[in-house]
Amino acid sequence: YQKTLMTRGIAPEIAVTTVSFDTDVRFPKLKFAFGGFVDASAQHIVDKLIGSDDVKIITGELAYASGQIPTASDFGFGEEQIMLQEAAQRFVDDKQPLTALREATAGSEDPYHGKERAGFFDPAIWQEMVELGWSALAVPEAAGGVGMSLVTAVTIAEEIGRSAMPTPLTSTLQSTYVLRNADNPSANKWLNRIVEGQAAGLAIQPADGSHLPDSTTIVAEAGKLSGTASFVQDLQKVDFLIVAAHESGQTRLYAVDIASKGISLDFDKIVDLTRDQGRVTFDQVSAECITEDGAEALSAAMPAILTL
């Protein structure tokens, strides 16, 4: 059988999320280290399958046989990220978003038995975020953005989540990574709209919730979209959508304004008061193709999408 070790670290030579050890195979040498926690059962498997000359397990971490252990700085925020995180903490604490959220959603906390819940967020606070450069944090400098790393974007996303602040920032950051991996003039045009302050969302999942890059059930013909995307986030906050659709045997990506003719929205009943999740149905909706190789762009962006 196979035992999969779940790790959260990034190896010196390769980024990984899992590693499998097959009982029929002995690895002559482990070429990378993990910074993630190894539980007792996983440690037993490693002890059994890999000789002590190949790898050492020190304080719950896998390391080189030489005893090298990744330092905390390899897996945490740097000085720049910490400064940004502290600034974000001050911003959200000053806004007291939880108080406003409770007032706006009072009586709708129970998604099945409470009153109808309208999506809530403060456009004025969103505009302040735009002016701070947060919405354009991951947009490349060549497209007019700040061009910061994913780790830097995570510092802001964490504070937004900690404070329960309703905002389309996370959806916009996720959309940014898809657009930047499309990497062409059409995608850059929509990235520029993000820089200007528009919010974006992803319409890429089918009803079964698959994250596979070619799993969409939406079809496109002559630039018109038909079908339904599920689990779309922040439907009442975003200005445009990035849509995955099949056309001519390919998974392509399209951009479309959410207010376009032929789009209808149905909202899911969810517990999270900060999000408005739902389904988007397209009925012959005109859209702009931003890349014909949508599967590749989605695959490249998926680590950032899932991290955020």
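The shortest side-chain heavy-atom distance between Val92 and Arg162 falls under the 4.5 Å cut-off. Inter-residue side-chain proximity for Glu247 and Glu292 is flagged as unmet; no heavy-atom pair is nearer than 4.5 Å. With a 4.5 Å cut-off on side-chain heavy atoms, Glu86 and Ile82 count as touching. In this structure the side chain of Lys224 never reaches within 4.5 angstrom of the side chain of Glu221, judged on heavy atoms. Using a 4.5 Å cut-off on side-chain heavy atoms (C-beta onward), Tyr254 and Leu225 make contact. A heavy-atom distance below 4.5 Å is not found between the side chains of Leu202 and Leu241.
Of the possible donor and acceptor atoms, one in the side chain of Trp126 sits under 3.5 Å from a partner among the backbone N and O of Gly197. Proximity of a side-chain donor or acceptor of His246 to a complementary backbone N or O of Thr216 within less than 3.5 Å is detected. With hydrogens and angles ignored, the 3.5 Å screen pairs a side-chain donor or acceptor of Gln81 with a backbone N or O of Gly78. Between the side chain of Asn181 and the main chain of Tyr177, a donor-acceptor pair closer than 3.5 Å is present. At least one donor-acceptor pair under 3.5 Å links the side chain of Asp276 to the backbone N or O of Leu235. Ser171 places no side-chain N or O within 3.5 Å of a backbone atom of Asp234 that could act as its donor or acceptor partner. Counting only distance, with no hydrogens or angles, the side chain of Thr172 and the backbone of Pro168 share a donor-acceptor pair below 3.5 Å.
Think of Leu212 as one node in a network of Ile, Leu, Val, Met, Phe, Trp and Tyr side chains linked at under 4.5 Å; it has no links at all. Grouping Ile, Leu, Val, Met, Phe, Trp and Tyr by side-chain contacts under 4.5 Å, direct or through others, leaves Phe231 on its own.
Among residue pairs with one or both ends in residues 171-192, those qualifying as salt bridge (charged side-chain N to carboxylate O under 4.0 Å, His left out) are Lys189-Glu288; sequence neighbours excluded.
Classification of Asp257 and Arg193 as a salt-bridged pair holds, one side-chain N sitting under 4.0 Å from a carboxylate O. Between Arg252 and Asp214 no salt bridge is recorded (no basic side-chain N to carboxylate O distance below 4.0 Å).
Residues satisfying the ring pair (Phe, Tyr, Trp, His ring centres under 6.0 Å) criterion with Trp190, sequence neighbours excluded, are Phe240.
Judged purely by distance below 3.5 Å, without hydrogens or angles, the side chains of Thr228 and Thr281 pair a donor atom with an acceptor atom. Side-chain contact check for Gln284 and Ser226: at least one donor-acceptor pair (N or O, by modelled atom type) lies under 3.5 Å.
One distance of note links OG1 of Thr291 with CD of Gln250; it measures 8.5 Å at 0.5 Å rounding. Between Asp208 atom CG and Ser215 atom OG the span is 6.5 Å, to the nearest 0.5 Å.
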For residues 138-150, which side-chain N or O atoms pair as donor and acceptor with protein atoms under 3.5 Å away, sequence neighbours left out?
from   : atom 1 : to     : atom 2 : distance (Å)
Ser149 : OG     : Thr152 : N      : 3.3
Ser149 : OG     : Thr152 : OG1    : 3.0

Anything under 3.5 Å between a donor and an acceptor, one on a side chain of residues 295-308, the other on a protein residue two or more places apart or in another chain? List them.
from   : atom 1 : to     : atom 2 : distance (Å)
Ser299 : OG     : Ala295 : O      : 2.9
Thr307 : OG1    : Pro303 : O      : 2.6

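For the pair Lys95 and Phe91, the cation-pi criterion (under 6.0 Å, within 45° of the ring axis) is fulfilled.
Under the 4.5 Å side-chain heavy-atom criterion for grouping Ile, Leu, Val, Met, Phe, Trp and Tyr, Leu253 is not connected to Val219 through any hydrophobic cluster.
More than 12 heavy atoms of other shown residues, nucleotides or ligands fall within 6.0 angstrom of atom CD in Gln127.
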